[in-house]
2 protein chains.
Amino acid sequence: MAETSPPQPAANGRAKGKPRGGKRVGIREIAAQAEVSVATVSMVLNNNPKITGETRAKVTKVIDQLGYRPNRIAQSLSSKYTNLLAVLMPTLRHTMADPYFGELISGICDKAARLGQKIMLEHAKPDFVREKRHIDLFDRRYIDGILCIGFSDKHTFLGDFAERGDLALMVNNVGFGLDHVVCDYASGAEQIMTYLLQLGHRRIGMLHGSPDVYTMRQMMDTYKKSIASATGGEDDTLLVDGRFTEEHGYTATSQLLSKHPDVTAIFAGNDKMALGALHCAAERGLSVPGDLSVVGCDNIQYAAFVNPALTTVNTPLYDTGMLACERLIDRIRGRKRPVAEVLPTHLVLRDSTSLAKQTQ
Amino acid sequence: MAETSPPQPAANGRAKGKPRGGKRVGIREIAAQAEVSVATVSMVLNNNPKITGETRAKVTKVIDQLGYRPNRIAQSLSSKYTNLLAVLMPTLRHTMADPYFGELISGICDKAARLGQKIMLEHAKPDFVREKRHIDLFDRRYIDGILCIGFSDKHTFLGDFAERGDLALMVNNVGFGLDHVVCDYASGAEQIMTYLLQLGHRRIGMLHGSPDVYTMRQMMDTYKKSIASATGGEDDTLLVDGRFTEEHGYTATSQLLSKHPDVTAIFAGNDKMALGALHCAAERGLSVPGDLSVVGCDNIQYAAFVNPALTTVNTPLYDTGMLACERLIDRIRGRKRPVAEVLPTHLVLRDSTSLAKQTQ
DNA sequence: CGTATTTGGTAAACCGTTTAATCATTATAA
DNA sequence: TTATAATGATTAAACGGTTTACCAAATACG
């Protein structure tokens, strides 16, 4: 019995612009002013073709007269979507400051914005995983889908997503039954090795990251195969773990050079390790590329700005982020076929590589 | 008449773990199983002291028996908060890949996670501002508050926040009537200048960024004052705009050195410009620090990894992000007093600075 | 011309919580 | 002992949209 109209202020002429008091203008006010039902307003909002020109115009007019903006919380509650995506990353040291992640995330954000989605940031800290908060993200209806970047096969909790049927997509790694978008690191490594061998290098060391990452395994395998085919089968591989960082790239290089002074080239699995190698070479008084050629991977911004500028493989991280985001949204919108995309990579020649020193 | 109990399955013994079908378990099921009202469950959830031991235990038990997780959309709809904060940035080239922003955001994310808030990322693209989407963020109830980083006084749309009474906090700039958290760039600049003058440098160039940023103005003013007091009032300032980037830092340095070959030291307003300067010096065959001392600002990660390692000012960006986030949340939770915090900075001596070359 | 179908719109249920206002109890005070 | 207050839980009304089922009028069909 409280549904009758008398108590409502009804259509009073002076209600223009923002409402005076605290109360925000809602869909009901719009409906009242436009003299239609709330259902109609909702349908106009959602471009439902059922509502035709005349009515639509009337409603639209009132909407921007009152500056009405639909409450997205309410929308999410009744509709199926939150229009929020999460980007999940491991907790490396200040992940966000890393150009690798940064490029990916930039791509993700730009694409998301273009498609009307918002992006949430999450770090998979130990307690995050322990308390199953990655699951809460879906269960508590924070997000519609999640993008996982920077993870290795050791991060088994990622398996939860596939198991529960939650929409998750992994970037630059494959596994756990998840969708994935990756750069063609195998091809990148091959291009590097071909190039180095062409330059006459035979003793080539590799600074690798965790082999628990699919793309890194690809690079390592390619490296091994190249060496094998160059030496005619003899095992001349020189692998050192640089753990993806400058610091470990530095120490790994140091070890490598001490143990194998005949190394003339270093292939680093990413640019950060390559920078570490550069640093180490400089400290030892080795000239790059005179005494030692160094090549990295990813073509992060800084690669062009170090001395000497770094020869590297361009992995289209920004585009990878864009594509990953787009495909995830496809899935949310109902795409059935799993996503498995590979983006091409190419060599970028700069100043850190040259012909091998004449072998003694 | 649809409120009676018969149709409900009621408390059936076998309902354990996740519900079998599609439907998620809601607060009503919990209430039914625990034989209390939904209000009671809600109060248990929110640690309302009104609910005592006995009942609380009973409810809690059912909650984790059924693995219930409250729907945060529904929570937000009826409560006042979304528990979502936005980080707003200008659209520089791939902002996220920038170590400066990265460190800030890392700090913000970590603190937010610790305080149970989620972080959303937004880029203030031209159309974003034109369509007033920064306002939508509040009007459509996406967020409770917003952190603005990387903006200058030219970004006048930031004024909207204060005007509308939306909770916004600016990092490393002050203005628009917004709360702010900044590093003490003035002190940083002073430490640099004192140090360079001590080393005997007199012709010191400065690579600055936009003077529309408060903190940059502070650095420029400090620089000018230092020069003036060192030369006894004569205007020996050598200011070139490096626009905060490596590229412009490079070209600015190039111009500076061409025009003033007697410059023995360069003070760059941030590390990126300093890296550009380093690059330029190397290209010109100038040894750093032998021929030219270079100092940066911010102490980004790469500063330690270039050749030579860069002398710089440490601005605690990570902590700044943490504090900014914390204070914003204070405000959301009701803090009345505006926020205006300044974090201390200090010089980090590395290898890019040394005594000035004997003046001719 | 009478009936079937389409069209444009409405009423009301629903999404899953929080929170006033209310109501039995039981403890406290007069 | 009775009125009063405190305690612990409940009822029902928000919160602000979407959506299903339904309806009247208009159009199509035989």
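Below, chain A is the first sequence line, B the second, and so on; all start at residue 1.
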Taking [atom1] from [X] and [atom2] from [N], how many angstroms apart are they, rounded to a whole number?
| X | N | atom1 | atom2 | answer |
| --- | --- | --- | --- | --- |
| B/Arg24 | C/dC15 | CZ | P | 13 Å |
| A/Leu77 | D/dT18 | CG | C1' | 10 Å |
| B/Glu29 | C/dG16 | CD | C1' | 10 Å |
| B/Tyr81 | D/dC15 | OH | P | 17 Å |
| A/Arg141 | C/dG16 | CZ | P | 8 Å |
| B/Arg72 | C/dT17 | CZ | C1' | 13 Å |
| A/Asn47 | C/dG8 | CG | P | 16 Å |
| A/Ile27 | C/dA12 | CD1 | P | 16 Å |

**Study point:** Ring centres under 6.0 angstrom apart (B/Phe176, B/His155)
**Key:** no
Separation of [Y] [atom2] from [X] [atom1] (nearest 0.5 Å):
| X | Y | atom1 | atom2 | result |
| --- | --- | --- | --- | --- |
| B/Ile63 | B/Lys61 | CD1 | NZ | 13.0 Å |
| A/Asn71 | B/Ser76 | CG | OG | 9.5 Å |
| A/Ile146 | A/Leu167 | CD1 | CG | 11.0 Å |

Review point. Hey, does the side-chain of A/Arg28 have a donor or acceptor N/O within less than 3.5 Å of a partner on the base of D/dG17?
Key: yes
Point to revise | Donor-acceptor pair present, B/Ser78 side chain and C/dT17 base, under 3.5 Å | key: yes
Out of [options], which nucleotide sits closest to the side chain of [X]?
| X | options | result |
| --- | --- | --- |
| B/Val36 | C/dT17, C/dA11, D/dT10 | D/dT10 |
| A/Asn71 | D/dT10, D/dG16, C/dT18 | D/dG16 |
| A/Lys50 | D/dC22, C/dA11, C/dT19 | D/dC22 |

Run the side-chain donor-acceptor check on residues 322-340 of chain B: report pairs under 3.5 Å with partners two or more places apart or on a different chain.
from: B/Glu326; atom 1: OE1; to: B/Lys111; atom 2: NZ; distance (Å): 3.3
from: B/Arg327; atom 1: NE; to: B/Glu341; atom 2: OE2; distance (Å): 2.5
from: B/Arg327; atom 1: NH1; to: B/Asp330; atom 2: OD2; distance (Å): 3.0
from: B/Arg327; atom 1: NH2; to: B/Glu341; atom 2: OE2; distance (Å): 3.3
from: B/Arg331; atom 1: NE; to: B/Asp179; atom 2: OD2; distance (Å): 2.9
from: B/Arg331; atom 1: NE; to: B/Arg337; atom 2: O; distance (Å): 3.4
from: B/Arg331; atom 1: NH2; to: B/Asp179; atom 2: OD1; distance (Å): 3.0
from: B/Arg331; atom 1: NH2; to: B/Asp179; atom 2: OD2; distance (Å): 3.3
from: B/Arg335; atom 1: NE; to: B/Arg337; atom 2: O; distance (Å): 2.7
from: B/Arg335; atom 1: NH2; to: B/Pro338; atom 2: O; distance (Å): 3.3

Review point. Starting at the 5' end of DNA chain C, which residue's closest nucleotide do you reach first, A/Val38 or A/Ile51?
Key: A/Ile51
Check whether any side-chain N or O of [X] sits under 4.0 Å from OP1 or OP2 of [N], and answer yes or no.
| X | N | value |
| --- | --- | --- |
| A/Tyr68 | D/dG17 | yes |
| A/Asn46 | D/dT18 | yes |
| B/Ser42 | C/dT18 | yes |

**Study point:** Whichever of B/Ala74 and B/Ala39 has its nearest DNA chain D nucleotide further upstream toward 5'
**Key:** B/Ala39
Practice item. Classify the nucleic acid contact of A/Val41 as base, sugar-phosphate or nothing, counting any heavy atom under 4.0 Å across all strands shown. Key: nothing
